[in-house]
Amino acid sequence: MFFCQGFYKIKLILMRHTETTWGYGQEDHTRQLTTKGKRQALDLGVWLSAQRYAPTQALVSDATRTQQTFEALNQKCPVLKSKNLYLAEPKNIILEIQKVETDCLLILAHNPGLAELAIKITSPNPAHHQFFNYPPGSTLVLEYNGDNYSSQVVNFITPDDLSL
């Protein structure tokens with residue numbers, strides 16, 4: 001990673017939490033992962049390690065489902081919980097990214113803000129048929145330039161890709 005007068009480049013991983021429960025009257029902030037969601041997160045963690053994308057720092061929304069996703073990833077890096085990532089807009093996610101100095105940063109958050117950010121900072125967008133939907137567990141790996149908010153796509157995957 002290189003920092004100089006606000007200029008920095010990092011590997012950035014934008015991950016949406018995996019599959020969750022949903023029910024009438026259920027408090028959104030405390031929704032939990034389903035059994036499938038826990039398995040998806042475990043598979044994504046294995047994939048991150050196998051691809052050598054292991055984060056050196058994680059910044060995770062303080063919602064229950066994102067915390068459970070991070071735990072199931074089984075990544076050995078420091079984690080910061082952020083209430084500012086809960087249902088955050090893209091500009092707020094960028095502000096959170098700018099607060100962290102690390103080589104490989106995992107952002108674990110929610111749609112629609114996460115998908116909107118991914119679309120905004122990638123050009124060209126990945127050709128993956130699910131990129132614009134950004135379903136639960138979607139994971140985008142970028143080489144990110146924080147000086148001009150540009151990036152180069154390294155990889156994009158969803159849990160369904162891992163079950164093929």
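Below, each value reflects all heavy atoms present in this structure, side chains not excepted, and no hydrogens, waters or symmetry copies.
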- request: Just do the side chain to side chain donor-acceptor pair (under 3.5 Å) check on E89 and N92 with the steps written out, would you?
  value: CA-CA 5 Å; E89 295 181 13; N92 294 335; 5.0 Å; no
Side chain to side chain donor-acceptor pair (under 3.5 Å) assessment of D160 paired with S163: CA-CA 5 Å; D160 286 347; S163 63; 4.5 Å; no
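The hydrophobic clustering, which links ILVMFWY residues whose side-chain heavy atoms are closer than 4.5 Å, places L42 and V79 apart.
Between V141 and the options L14, I157, V154, a side-chain contact (heavy atoms from CB on, under 4.5 Å) holds for only V154. For the pairing with T21, the side chain to side chain donor-acceptor pair (under 3.5 Å) check across Q32, R31, Q26 returns one residue only, Q26.
Between L12 and I121, the shortest heavy-atom contact is CD2-CD1, 4.4 Å. Pairing each heavy atom of P126 with each of L140, the nearest pair is CG-CD1, 4.1 Å. Closest approach of T158 to P135, counting heavy atoms only: CG2-CG, 4.0 Å. Minimum interatomic distance between Q67 and S61 (heavy atoms only, all atoms of both residues): NE2-O, 2.5 Å. Nearest heavy-atom pair across L73 and A41 is CD2-O, 3.2 Å. Heavy atoms only, all atoms of each residue included: P90 and G113 are closest at CG-O, 3.6 Å.
For the pair Q75 (side chain) and A54 (backbone), a donor-acceptor distance under 3.5 Å is absent. Side-chain atoms of E19 never come within 3.5 Å of backbone atoms of Q40 as a donor-acceptor pair (strictly under, hydrogens ignored). In this structure, the side chain of Q57 does not engage the main chain of T102 through any donor-acceptor pair within 3.5 Å. T18 places no side-chain N or O within donor-acceptor distance of the main-chain N or O of G137, the cut-off being under 3.5 Å.
Between F70 and C77 the shortest side-chain heavy-atom distance falls below 4.5 Å. Using a 4.5 Å heavy-atom threshold, the side chains of Y86 and T66 count as separate. Between D161 and W47 the shortest side-chain heavy-atom distance does not fall below 4.5 Å. The shortest distance between side-chain heavy atoms of Y144 and I97 falls below 4.5 Å. Looking at heavy atoms from C-beta onward, L48 lies in side-chain contact with M15 at the 4.5 angstrom threshold. The closest side-chain heavy-atom distance from K81 to V60 is not below 4.5 Å. Annotation: side chain of N84 is not in contact with side chain of L95 (no heavy-atom distance under 4.5 Å). Residues K120 and I94 are not in side-chain contact: their nearest non-hydrogen atoms beyond the backbone lie 4.5 Å or more apart.
Under the rule for a ring-ring contact (aromatic ring centres under 6.0 Å, His included), the partners of Y134 that lie at least two apart in sequence or sit in another chain are F156.
Annotation: salt bridge (charged side-chain N to carboxylate O under 4.0 Å, His left out) contacts involving residues 61-75, sequence neighbours excluded, comprise D28-R65.
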